[in-house]
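Down below is the structure, laid out as structure tokens.
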Amino acid sequence: MADWARAQSPAAVEEILDRENKRMADNLASKVTRLKSDSDFTSMTGLLTGSVKRFSTMARSGRDNRKLLCGMAAGLIVAFFILSYLLSRART
């Protein structure tokens with residue numbers, strides 16, 4: 001046992017060890033949270049990259065896919081404007 005541990009009472013040593021344990025547990029919890037957020041970001045990046053690749057492949061393929069792609073783009077634009085209008089009406 002270390003010299004500092006012999007000089008102090010067992011209760012004081014236990015309190016010091018408890019504080020150190022709590023500090024280390026908090027440090028570990030923050031590292032786990034950071035790793036989870038990094039993992040979420042990595043999976044989202046992979047999902048976005050895959051979507052862009054599929055979109056590019058569909059755009060480069062035949063004429064039928066281009067019609068579908070234009071229809072989807074137009075539908076998304078219309079949906080955006082409808083939602084924008086509805087939200088602006090809901091605020092007033």
Side-chain angles (χ1 to χ4, degrees):
M1 201 172 230
D3 291 334
W4 61 270
R6 281 190 216 125
Q8 296 180 1
S9 69
V13 172
E14 189 173 330
E15 184 181 329
I16 291 170
L17 291 175
D18 282 343
R19 272 191 270 143
E20 182 69 15
N21 191 25
K22 287 178 184 177
R23 185 188 65 79
M24 292 176 79
D26 290 341
N27 188 17
L28 182 61
S30 69
K31 286 180 181 180
V32 167
T33 303
R34 220 176 346 187
L35 284 173
K36 282 184 178 181
S37 67
D38 287 349
S39 175
D40 291 343
F41 181 73
T42 302
S43 65
M44 188 58 70
T45 302
L47 179 64
L48 185 58
T49 302
S51 297
V52 168
K53 285 181 182 177
R54 285 191 297 274
F55 186 79
S56 297
T57 302
M58 188 169 66
R60 278 186 264 139
S61 58
R63 179 181 173 148
D64 292 334
N65 284 338
R66 287 190 189 137
K67 287 182 182 179
L68 176 65
L69 186 61
C70 287
M72 284 176 40
L76 288 173
I77 291 170
V78 169
F80 172 77
F81 282 113
I82 289 173
L83 285 173
S84 173
Y85 174 74
L86 292 174
L87 288 174
S88 68
R89 295 277 297 187
R91 290 182 188 159
T92 57

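- Residues Leu83 and Phe80 are members of separate hydrophobic clusters, defined by side-chain heavy-atom contacts under 4.5 angstrom among Ile, Leu, Val, Met, Phe, Trp and Tyr.
- A donor-acceptor distance shorter than 3.5 angstrom exists from the side chain of Thr33 to the backbone of Ala29, with no hydrogens or angles considered.
- Between the CD1 atom in Ile16 and the CG atom in Asn21 there is a gap of 13.5 Å [rounded to 0.5 Å].
- Inter-residue side-chain proximity for Glu15 and Arg19 is flagged as met; some heavy-atom pair is nearer than 4.5 Å.
- Each of Leu69 and Ile77 belongs to its own hydrophobic cluster when Ile, Leu, Val, Met, Phe, Trp and Tyr are linked at side-chain heavy-atom distances under 4.5 angstrom.
- Here the NZ-OG1 distance, from Lys53 to Thr49, works out to 6.5 Å after rounding to the nearest 0.5 Å.
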